[in-house]
Amino acid sequence: MYKLKKMLVLVGLMGAGKSSVGKRLSEYLNVGFIDADQEIEKAAGMKIVEIFEKFGEKYFRAGEKKVINRLILGKPQVLSTGGGAFMSEEIRGVIKMHSFSIWLKADLETLWPRVSGKGNRPLLNNKYPKQELENLIIKRNPVYKKANITIESKSNISHLAMVDKIIKKLKKHNILTRTT
């Protein structure tokens, strides 16, 4: 058994596995799991796609900032953020100050099958979604690189194998303490 010293924050692009791996990681560590996007939807009383359609991305990002600032100060657990959250310098600063960030890094070949054809990805609701995803990879990866650790997310790696990789890196960074 382990005890978390800090909140673990998963960052990365849509489809990288932040929610699915995050749930497995929280189960392994016996701590709570929070999906920031679900919390934003609860606070707004509508789906993220609806927020984007009715109010735009700027409004969504402001709400996202408020929600993450609130969640990050909670007890240490696993927090999955939306793909764009870490792009905010302010959110990155709060994450760096109060938690430990984990970038789930995935390439286009891994991400595209996971996100294509789904209407719940507002940034991909355009004429050329695959090109947009590729553009997001190019734009965001240099920022995601600022996370405390990076874990490769590939389609042939199980969630449990990824959790194992994360645990090994967390031990090296002294984020976990062993309990009896």
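Only a predicted model underlies this, so the values are computations on that prediction, with no experimental measurement involved.
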Practice prompt. May I ask you to decide if A16's main-chain N or O and S153's side chain share a donor-acceptor pair within less than 3.5 Å?
Written response: yes
Fill in: hydrophobic_cluster_shared for L108 and V11, side chain cutoff 4.5 Å
yes
Worksheet item: For the atom pair CD (E152) and OG1 (T110), what is the distance rounded to the nearest 0.5 Å?
Response: 8.5 Å
Discussion item. Can you confirm whether V31 sits close enough to K75 that some side-chain heavy atom of one is under 4.5 Å from a side-chain heavy atom of the other?
Written reply: no
Worksheet item: Between M14 and L111, is any pair of side-chain heavy atoms under 4.5 Å apart?
Response: no
Worksheet, complete the sentence: The reported gap from CZ in F86 to CZ in R140 (rounded to nearest 0.5 angstrom) is 12.0 Å
Discussion item. Do K3 and P76 make a side-chain contact, defined as non-hydrogen atoms from C-beta onward lying under 4.5 Å apart?
Written reply: no
Fill in: Straight-line distance of Q131 CD to L136 CG, nearest 0.5 Å
10.0 Å
Discussion item. Main chain of L104, side chain of Y144: is a donor-acceptor contact present, judged purely on distance under 3.5 Å?
Written reply: no
Item to complete: Could you tell me whether a side-chain N or O of S101 sits under 3.5 Å from a main-chain N or O of N148, the two making a donor and an acceptor?
Response: yes
Worksheet item: Should R92 and V143 be marked as a side-chain contact (heavy atoms from CB on, under 4.5 Å) after you check the CA-CA gap, both sets of side-chain angles, and the distance that decides it?
Response: CA-CA 9 Å; R92 273 196 319 278; V143 178; 3.3 Å; yes
Practice prompt. Could you tell me the separation between the CG atom of L170 and the NZ atom of K6, rounded to the nearest 0.5 Å?
Written response: 11.5 Å
Practice prompt. Check the surroundings of atom NZ in K171: do more than 12 heavy atoms from other residues, nucleotides or ligands lie under 6.0 Å from it?
Written response: yes
Fill in: Student check: side-chain heavy atoms of L4 and L176 closer than 4.5 Å
yes
Worksheet item: Yes or no on side-chain contact (heavy atoms from CB on, under 4.5 Å) for K145 and T150, after CA distance, side-chain angles and deciding distance?
Response: CA-CA 7 Å; K145 217 179 266 186; T150 300; 5.6 Å; no
Discussion item. Do L10 and L79 sit in one hydrophobic cluster, given that two such residues count as connected whenever their side-chain heavy atoms are within less than 4.5 Å of each other, even indirectly?
Written reply: no
Worksheet item: Is any side-chain heavy atom of F33 closer than 4.5 Å to a side-chain heavy atom of Q77?
Response: no
Response to the item:
Which of L8, V163, I166 passes side chain to side chain contact (heavy atoms under 4.5 Å, CB included) with L29? Answer is L8
Worksheet item: Sub-3.5 Å donor-acceptor pair from the side chain of E41 to the main-chain atoms of I48, do we have one?
Response: yes
Worksheet item: Just by distance, with hydrogens left out, do Y59 and K54 show a side-chain donor and acceptor under 3.5 Å apart?
Response: no
Item to complete: Check for a donor-acceptor pair, side chain of S88 on one end and backbone N or O of A85 on the other, with a separation under 3.5 Å.
Response: no
Discussion item. What I'd like to find out is whether the side chain of R70 reaches to under 4.5 Å of the side chain of E39, using heavy atoms alone.
Written reply: yes
Practice prompt. Evaluate the side-chain proximity of M7 to F100: yes if any heavy-atom separation is below 4.5 Å, no if none is.
Written response: no
Discussion item. Whether the side chain of K18 engages the backbone of L13 through a donor-acceptor N/O pair (distance < 3.5 Å, no angle test) should be reported.
Written reply: yes
Fill in: Expected output: side-chain D164 to main-chain L160 donor-acceptor under 3.5 Å
no
Discussion item. I need the E64 CD to N69 CG distance, nearest 0.5 Å.
Written reply: 10.5 Å
Fill in: Gap between atom OG of S99 and atom CG of L71 - 0.5 Å precision
11.0 Å
Practice prompt. Check the hydrophobic clustering (I, L, V, M, F, W, Y; side-chain heavy atoms under 4.5 Å; chains of links allowed) and say if I149 and V94 are grouped together.
Written response: no
Discussion item. Check for me, please, whether Y28 and I34 land in the same ILVMFWY cluster - side-chain distances under 4.5 Å, paths through other members count.
Written reply: no
Discussion item. Looking at every heavy atom in both A161 and S158, which two are closest together, and how far apart are they?
Written reply: N-OG, 3.0 Å
Item to complete: Answer whether the closest heavy-atom distance between the side chains of K169 and I102 falls below 4.5 Å.
Response: no
Discussion item. Is there a side-chain contact (heavy atoms from CB on, under 4.5 Å) between N141 and W103? Walk through the geometry before answering.
Written reply: CA-CA 9 Å; N141 279 7; W103 175 25; 3.4 Å; yes
Worksheet item: Does NZ in K5 sit with more than 12 non-hydrogen atoms of other residues, nucleotides or ligands closer than 6.0 Å?
Response: yes
Worksheet item: Given the rule in the side-chain contact (heavy atoms from CB on, under 4.5 Å) test, do I137 and D107 qualify, once you have shown the distances and angles that lead to the verdict?
Response: CA-CA 8 Å; I137 290 169; D107 58 21; 5.8 Å; no
Worksheet, complete the sentence: Test side chain to side chain contact (heavy atoms under 4.5 Å, CB included), reference V67, set I40, I72, T81, D37, output is I40
